[in-house]
Amino acid sequence: GPKVLQIPSHQIIDMGQMVTLNCDPVSNHLYFYWYKQILGQQMEFLVNFYNGKVMEKSKLFKDQFSVERPDGSYFTLKIQPTALEDSAVYFCASSLGGGNTLYFGEGSRLIVV
Amino acid sequence: QQKVQQSPESLSVPEGGMASLNCTSSDRNFQYFWWYRQHSGEGPKALMSIFSDGDKKEGRFTAHLNKASLHVSLHIRDSQPSDSALYFCAASERQGGRALIFGTGTTVSVSP
């Protein structure tokens, strides 16, 4: 089936540093998403993105977070500066159109120390 | 308050048995529902979507939607050990790439 690739799979970073999580969505998909999951619990929506713009963001999407997809390259989630509570697995997803099924990557495990 | 609640929190089923999962939304704007499954160490994968009242069957999986009560269920027939996973109900307000909100999750364990 369609594959969403996420890089890196794991990252350990010092609190206060910047981190960029990269996502290579399914090639013809148009909608992109980031979710946060702590300790294998609930998947929490962060943000969705379409046509170069953020469509919606949740309260978890703090001012320190930003997303972009410059010129069809990776869809990125940047956290600057990082905080201890940002430790989690971050999942990228993409969908072909609105209302279509989301396809998720395998996640990027972020540990902030 | 969670907008999408699932029950039970965990469920043990013998191999070959039936697993029944429930999901209730507190937001009447949610009209589109999915069931996702997540195996340990992996990302969630969609099992099926259901948008209309009634039943929808795909293989061993049957979903049921009642929009009036905002209740969705998933039944897994002839459960296999490979069905052991975390199951999420997810809901969206409308089509158009809107946020997909996940439920609290049900952990299913199928014992041989």
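Residue numbers begin at 1 in each chain, while the letters A, B, ... track the order of the sequences. Only a predicted model underlies this, so the values are computations on that prediction, with no experimental measurement involved.
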- Structural part of A:Y50 lying under 4.5 Å from a heavy atom of chain B: neither

- Message: Quick check: is B:M48 connected to B:W34 through a chain of hydrophobic side chains (ILVMFWY, heavy atoms under 4.5 Å apart)?
- Response: yes

- Indicate the atoms forming the closest heavy-atom contact of A:F91 with B:G43, along with that distance. CE2-CA, 3.4 Å

- Query: If Ile, Leu, Val, Met, Phe, Trp and Tyr residues are connected whenever their side-chain heavy atoms lie under 4.5 Å apart, and connections chain through other members, are A:Y74 and A:F32 in the same group?
  - Reply: no

- What closest approach, in Å, do B:F88 and A:Q37 show between heavy atoms, and which atom pair accounts for it? CZ-NE2, 3.8 Å

- Shortest non-hydrogen contact between B:I101 and A:F45, atoms and distance: CD1-CB, 4.2 Å

- Message: Under 4.5 Å from any heavy atom of chain A, what part of B:L100 do you find: side chain, backbone, both or neither?
- Response: both

- Donor-acceptor pair, side chain of A:E56 and main chain of B:A99, under 3.5 angstrom: yes

- B:Q38 versus chain A, heavy atoms under 4.5 Å apart: side chain, backbone, both or neither? side chain

- Are any side-chain N or O atoms of A:Q42 and backbone N or O atoms of B:G105, one a donor and one an acceptor, separated by less than 3.5 Å? no

- Message: Please classify the contact between A:Y35 and chain B as side chain, backbone, both or neither, with a heavy-atom cut-off of under 4.5 Å.
- Response: side chain

- Message: With chain B as the partner, which of A:Q41, A:R109, A:Q6 has the greatest number of non-hydrogen pairs under 4.5 Å?
- Response: A:Q41

- Message: Heavy-atom cut-off 4.5 Å, strictly under: side chain, backbone, both or neither for A:E44 against chain B?
- Response: neither

- Item | A:K62, NZ atom: more than 12 neighbouring heavy atoms under 6.0 Å | yes

- Message: Using the rule that Ile, Leu, Val, Met, Phe, Trp and Tyr join whenever any side-chain heavy atoms are under 4.5 Å apart, tell me whether A:V19 and A:L84 fall into a single cluster.
- Response: yes

- Task: Return the option, out of B:A46, B:G103, B:P44, with the maximum number of heavy-atom pairs under 4.5 Å with chain A.
- Result: B:P44

- Item | Verdict with supporting geometry, A:L102 and B:Y36, side-chain contact (heavy atoms from CB on, under 4.5 Å) | CA-CA 10 Å; A:L102 268 62; B:Y36 279 79; 3.4 Å; yes

